[in-house]
Undergrad: 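Here it is, the structure in full.
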Amino acid sequence: MKILNLEKTLQSHFGLSSFRPLQREIIEAVMHEKDVLAMLPTGAGKSLCYQLPTYLKQGSTLIVSPLVSLMEDQVQQLRMIGEKHVIAFNSFLSYRDKRIATHQLSNYKFIFASPEMLQNSFFINALQQLNITLFVVDEAHCISQWGHDFRPDYLRLGEVRQQLGEPTCLALTASATPRVLDDIKERLCLHNPSSFYTNIDRPNIAMLVEKVDSLDDKITKALSYCRVLEGPGIIYFSSRSWCERFTALLEKDKSVAFYHAGMEHSERKLVQQQFINNQLDVICATSAFGMGVNKNNVRYVIHFHYPYQLESYLQEIGRAGRDGEPSVAITLITKGDEQLASSLIHQDLPNENQLLAVLSEINGNASSQLTKERERIYQIQFQLSETGWRFIRYHLREQHVVDENDIIQLFELDELYQYLVNQIIARQKDKQYKLQAMHEWLFNSSECRRAQLVAYFQGELQSKPKYCCDTCQPIPLDEFSSPSNQKPEWGNWLDELKALLLHGHVEA
DNA sequence: CGAATCACGCTTAAGCGTGATTCGGTGCCTTAAT
């Protein structure tokens, strides 16, 4: 079809002369109103895949984005190329701004929103007045990774799409297993989608898993790597307090900061910016850090704690070496790590007692309205986590126990209880299965780690790079060391750490 | 779920046992009006 047309638009709107791999194919499928599921590595130009069709199509494009910061970035990027008809509809807008925006929504070609905002009926009503011709889900693996408990509104996107008249859907992600891809297809109600996958292997990242004898050894190792390896680098932890402690230990030798979700937004933004601008050598972070961070020259990623799934591992190490230069990913493991990883699986969803109690209470209030205030009371009364309550609420609506006007319908207690218990068990089994795969990968040191990782995403390793992984050959870490590195001065970190632990949190 | 730590009571008053408490990732969105 319109080959000239695509090239012309690419040149006129984006100032580019040629497409990167798969971009053309994806755009052509979208232009043919095919649903598309695309797995492209970060930096492969995913945004263009919806931006260009938006210029060629009638109507507007709705982009579902997981983070407000990501929306803001995209909006800014579009404004840079001169696009004015773009809006991020999120909580950064005041009530007044939102009202104005809903009235003028037809002015916008690009509308960014979170899954949560798409549950707002006023917003949906306003969207229904428009001609939405493309429905984009950015970072679509979030549907599977977050939708089942943490952010259940992700599971409602298929319904939202229906409400908008089933526009063409483009789901984009950088890392998804076949199971996750199936989940995305099902949840978004993709009809016979065109699928585009590229290999997830990153040949310039050497992979290394190192067993150490104790936690003390782990700290020593991690500190020494941070001092010796050429930066900048990222260290991932599974707890906020560890991020802060380790930052304090490194502070003397390195320019370092921590990053986790317990910080103020402004501070997070500042730290991220400093890291991107090469003002920091090392960043100590939880899994909160990374999505939407465009930095090419990260040289190493250390996992002080490993994540509970290989999808997260792949995303996290993938933040190294985007410039294609040699980089290294090191995972440090010791006794007791399994416990921390599995604890993260079990803590969020309600236990059986809580579940039974809250369901009885709700049933007792049948035919009254489930107000926000009452939700808050339930959450406190039955000591449910925010995620725990949202999980219950999602299923109450799914099972029509709460109708569209939030009125509670009388229900069969045992039946609903059993249903929810089964849901929770299924969810935990799924997470357990993923953790098990993670453990197999960590502890099976007889097969090539790279091949195992690629196989988990159902790919096949074409060729092994020079520095592959620790099961293939020893990785010479000297090659990844900073040339200017002097012999590091060993402080007495153990005493420092003890002092920190005694005095609780580290002053920022 | 499970370990580490804390609080407390028992007691040949310094240290032990026991039970309670704490700690372990991720982010939208926050009222009524449109």
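Small disclaimer: the values here were computed from a predicted structure and weren't measured. Labels below follow one simple rule: chain letters A, B, ... track the order of the sequence lines, proteins then strands, and each chain is numbered from 1.
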Undergrad: Give me syn or anti for dA20(B), where syn covers glycosidic angles within 90 degrees of 0.
TA: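 Anti for dA20(B); the angle lies over 90° from 0.
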Undergrad: Compare side-chain N and O positions of S114(A) against OP1 and OP2 of dC28(B) and report whether any pair is under 4.0 Å apart.
TA: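 Checking S114(A) against dC28(B): no side-chain N or O falls below 4.0 Å of OP1 or OP2.
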Undergrad: Is K434(A) close enough and on-axis enough to Y308(A), meaning under 6.0 Å and within 45°, for cation-pi?
TA: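 Relative to the ring axis of Y308(A), which defines the angle, K434(A) lies outside at least one limit.
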Undergrad: At under 4.0 Å between heavy atoms, what does S343(A) touch on the DNA or RNA strands: base, sugar-phosphate, or nothing?
TA: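 It contacts base atoms.
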Undergrad: Under 3.5 Å, which donor-acceptor pairs link side chains of residues 140-147 of chain A to any protein atom two or more places apart or in another chain?
TA:
{"residue": "H141(A)", "atom": "ND1", "partner": "T173(A)", "partner atom": "OG1", "Å": "2.9"}
{"residue": "H141(A)", "atom": "NE2", "partner": "Q315(A)", "partner atom": "NE2", "Å": "3.3"}
{"residue": "S144(A)", "atom": "OG", "partner": "D183(A)", "partner atom": "OD2", "Å": "2.8"}

Undergrad: What does E386(A) touch in the nucleic acid at a heavy-atom separation under 4.0 angstrom: a base, only the sugar-phosphate, or nothing?
TA: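 Base contact.
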Undergrad: Dump the intermediate steps for ring pair (Phe, Tyr, Trp, His ring centres under 6.0 Å) on Y300(A) and Y225(A), then the final yes or no.
TA: CA-CA 9 Å; Y300(A) 65 85; Y225(A) 286 144; 8.5 Å; no
Undergrad: Could you check whether H303(A) and E316(A), counting side-chain N and O atoms only, form a donor-acceptor pair closer than 3.5 Å?
TA: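 Yes.
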Undergrad: Just to confirm, is there a sub-4.0 Å distance from OP1 or OP2 of dC29(B) to any side-chain nitrogen or oxygen of K98(A)?
TA: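 No, no such contact exists.
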Undergrad: Of the residues in residues 119-130 of chain A, which ones touch DNA chain B at a heavy-atom distance under 4.0 Å?
TA: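 Result for residues 119-130 of chain A: F122(A), sorted by number.
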Undergrad: Could you tell me which non-hydrogen atom of G292(A) sits nearest to which non-hydrogen atom of D73(A), and how far apart they are?
TA: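 Shortest heavy-atom contact: O-OD2, 4.0 Å.
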Undergrad: Is R179(A) positioned over the aromatic face of Y433(A), cation under 6.0 angstrom from the ring centre and no more than 45 degrees off axis?
TA: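 Pair R179(A)/Y433(A) counts as cation-pi.
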Undergrad: Please enumerate all protein N or O atoms sitting under 3.5 Å from an N or O of nucleotides 3-5 of chain B, with distances to 0.1 Å.
TA:
none

Undergrad: To the nearest Å, give me how far apart CG (L349(A)) and P (dC1(B)) are.
TA: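 Spelled out: CG on L349(A) to P on dC1(B) is 13 Å.
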Undergrad: Over how many whole Å does the gap from K372(A) atom NZ to dC28(B) atom C1' extend?
TA: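 Rounded to the whole Å, the gap is 12 Å.
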Undergrad: Please map the stems of DNA chain B, keeping only stretches of three or more Watson-Crick or G-U wobble pairs with both distances under 3.5 angstrom.
TA: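 The stems are B:1-10 with B:15-24.
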Undergrad: Could you check which residues of residues 146-157 of chain A get a heavy atom under 4.0 Å from DNA chain B? Sort them by number, please.
TA: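 Only W146(A), F150(A), R151(A) qualify.
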Undergrad: Between dG24(B), dT30(B), dT26(B), which nucleotide gets closest to the side-chain atoms of R240(A)?
TA: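 Per side-chain heavy atoms of R240(A), the pick is dT26(B).
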Undergrad: Any Lys/Arg nitrogen of K185(A) or D35(A) sitting under 4.0 Å from an Asp/Glu carboxylate oxygen of the other?
TA: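 A salt bridge is absent here (no side-chain N lies under 4.0 Å from a carboxylate O).
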Undergrad: For F275(A), give me all partners under ring-ring contact (aromatic ring centres under 6.0 Å, His included), at least two apart in sequence or on another chain.
TA: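 F275(A) satisfies ring-ring contact (aromatic ring centres under 6.0 Å, His included) with F289(A) once adjacent residues are dropped.
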Undergrad: Can you sort out the partners of F391(A) under ring-ring contact (aromatic ring centres under 6.0 Å, His included), two or more places apart, ordered by chain and number?
TA: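 For F391(A), the residues satisfying ring-ring contact (aromatic ring centres under 6.0 Å, His included) (neighbours in sequence not counted) are H395(A).
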Undergrad: Can you tell me how far C1' of dC29(B) sits from OH of Y95(A), to the nearest Å?
TA: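 Going from OH in Y95(A) over to C1' in dC29(B) covers 16 Å.
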Undergrad: Any heavy-atom pair between the side chains of Y394(A) and Q399(A) that's under 4.5 Å?
TA: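 Heavy-atom side-chain distance check fails, nothing below 4.5 Å.
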Undergrad: For nucleotides dC8(B) and dA13(B), find the distance between their C1' atoms and express it as a whole number of Å.
TA: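 The same atom, C1', in both gives a distance of 15 Å.
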Undergrad: Round to a whole Å and report the spacing from CG of L344(A) to C1' of dT26(B).
TA: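 After rounding, the gap between these two atoms is 10 Å.
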Undergrad: Should we count CZ of F443(A) as having more than 12 external heavy atoms under 6.0 Å?
TA: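 Correct, the count exceeds 12.
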Undergrad: Suppose we call two aromatic rings close when their centres sit under 6.0 Å apart. Are H85(A) and Y108(A) close by that rule?
TA: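 No, ring centres 6.0 Å or more apart.
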Undergrad: Run through T54(A), I63(A), L78(A) and flag the one making a side chain to side chain contact (heavy atoms under 4.5 Å, CB included) with V86(A).
TA: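 Running side chain to side chain contact (heavy atoms under 4.5 Å, CB included) over T54(A), I63(A), L78(A) with V86(A) returns exactly one hit, L78(A).
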Undergrad: With respect to the side chain of N90(A), which nucleotide from dT26(B), dT34(B), dC29(B) is positioned closest?
TA: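 Looking only at heavy atoms from C-beta outward on N90(A), the closest nucleotide is dC29(B).
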Undergrad: Scan M117(A) against the nucleic acid and name what it touches under 4.0 Å (heavy atoms): base, sugar-phosphate only, or nothing.
TA: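 The answer is sugar-phosphate, as M117(A) gets under 4.0 Å only of primed atoms, P, OP1 or OP2.
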Undergrad: Could you check how far CZ of R374(A) sits from C1' of dT31(B), rounded to whole Å?
TA: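 Between C1' of dT31(B) and CZ of R374(A): 17 Å.
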Undergrad: Respond yes when some side-chain nitrogen or oxygen of S342(A) is under 4.0 Å from OP1 or OP2 of dC1(B), and no when none is.
TA: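 Checking S342(A) against dC1(B): no side-chain N or O falls below 4.0 Å of OP1 or OP2.
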Undergrad: Any residue in residues 62-79 of chain A with a heavy atom nearer than 4.0 angstrom to DNA chain B? Just list them by number, or reply none.
TA: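 Only P66(A), L67(A), V68(A) qualify.
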Undergrad: Rounding to the closest angstrom, what is the interatomic distance between dT12(B) and dC16(B) at atom C1'?
TA: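 To the nearest whole Å, 15 Å.
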Undergrad: In whole Å, measure the gap between the C1' atoms of dA14(B) and dC10(B) for me.
TA: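 After rounding to an integer number of Å, I get 12 Å for this pair.
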Undergrad: Donor-acceptor pairs under 3.5 Å, side chain of residues 97-105 of chain A to any protein atom, not counting sequence neighbours: which ones?
TA:
{"residue": "D97(A)", "atom": "OD2", "partner": "S94(A)", "partner atom": "OG", "Å": "3.3"}
{"residue": "T102(A)", "atom": "OG1", "partner": "K98(A)", "partner atom": "O", "Å": "3.1"}
{"residue": "T102(A)", "atom": "OG1", "partner": "R99(A)", "partner atom": "O", "Å": "2.7"}

Undergrad: Assign the ring pair H305(A) / W242(A) to parallel, tilted or perpendicular, where the plane angle (0 to 90°) is split at 30° and 60°.
TA: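 Rings of H305(A) and W242(A): perpendicular, over 60°.
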Undergrad: Could you tell me the separation between the CG atom of L118(A) and the C1' atom of dG27(B), rounded to a whole number of Å?
TA: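 Checked: the CG to C1' distance equals 15 Å.
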Undergrad: Just distance, no hydrogens or angles: give the donor-acceptor pairs under 3.5 Å from side chains in residues 374-385 of chain A, sequence neighbours left out.
TA:
{"residue": "R374(A)", "atom": "NH1", "partner": "S368(A)", "partner atom": "OG", "Å": "2.7"}
{"residue": "R374(A)", "atom": "NH1", "partner": "Q369(A)", "partner atom": "O", "Å": "3.1"}
{"residue": "E375(A)", "atom": "OE1", "partner": "W389(A)", "partner atom": "NE1", "Å": "3.0"}
{"residue": "E375(A)", "atom": "OE1", "partner": "R393(A)", "partner atom": "NH1", "Å": "2.9"}
{"residue": "R376(A)", "atom": "NH2", "partner": "E373(A)", "partner atom": "OE2", "Å": "3.3"}
{"residue": "Y378(A)", "atom": "OH", "partner": "N365(A)", "partner atom": "ND2", "Å": "3.0"}
{"residue": "S385(A)", "atom": "OG", "partner": "D348(A)", "partner atom": "O", "Å": "3.0"}
{"residue": "S385(A)", "atom": "OG", "partner": "G388(A)", "partner atom": "N", "Å": "2.8"}

Undergrad: Starting from P on dC1(B), measure out to OH on Y308(A) and report it in whole angstrom.
TA: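 Taking atom P of dC1(B) as the reference, OH of Y308(A) is at 18 Å.
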Undergrad: Who are the ring-ring contact (aromatic ring centres under 6.0 Å, His included) partners of F89(A), not counting sequence neighbours?
TA: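 F89(A): ring-ring contact (aromatic ring centres under 6.0 Å, His included) contacts with F123(A).
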Undergrad: Under 4.0 Å between a side-chain N or O of R268(A) and OP1 or OP2 of dG27(B)?
TA: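 So the side chain of R268(A) is within the cut-off, an N or O lying under 4.0 Å from OP1 or OP2 of dG27(B).
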Undergrad: If the threshold is 4.0 Å, N to carboxylate O, is there a salt bridge linking D430(A) and R427(A)?
TA: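 Salt bridge: yes.
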Undergrad: Establish, yes or no, whether a centroid distance under 6.0 Å links the rings of F246(A) and F237(A).
TA: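 Close enough - the centres of the two rings lie under 6.0 Å apart.
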Undergrad: Name the nucleic acid region contacted by T102(A), choosing base, sugar-phosphate or nothing; use a 4.0 angstrom heavy-atom cut-off, strictly under.
TA: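 Base, at least one base heavy atom under 4.0 Å.
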Undergrad: Take the angle between the ring planes of Y50(A) and F110(A) and call it parallel below 30°, perpendicular above 60°, tilted in between.
TA: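 Perpendicular, since the angle between the ring planes exceeds 60°.
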Undergrad: For atom P, what is the distance between dT11(B) and dG17(B), given to the nearest Å?
TA: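 Going atom to atom, P in each nucleotide, I get 14 Å.
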Undergrad: Is the base of dT30(B) syn or anti, if syn means a glycosidic angle within 90° of 0?
TA: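 The base of dT30(B) is oriented syn (glycosidic angle within 90° of 0).
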Undergrad: How long is the line joining CZ of R393(A) and P of dC29(B), in whole Å?
TA: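 About 14 Å, once rounded to whole Å.
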Undergrad: How close do L249(A) and L223(A) get, heavy atom to heavy atom, and via which atoms?
TA: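 Scanning both residues completely, I find the closest heavy atoms to be CB-CD2, 4.0 Å.
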Undergrad: Does any residue of residues 173-182 of chain A have a heavy atom under 4.0 Å from DNA chain B, and if so, which ones, in number order?
TA: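 Hits under 4.0 Å, by residue number: none.
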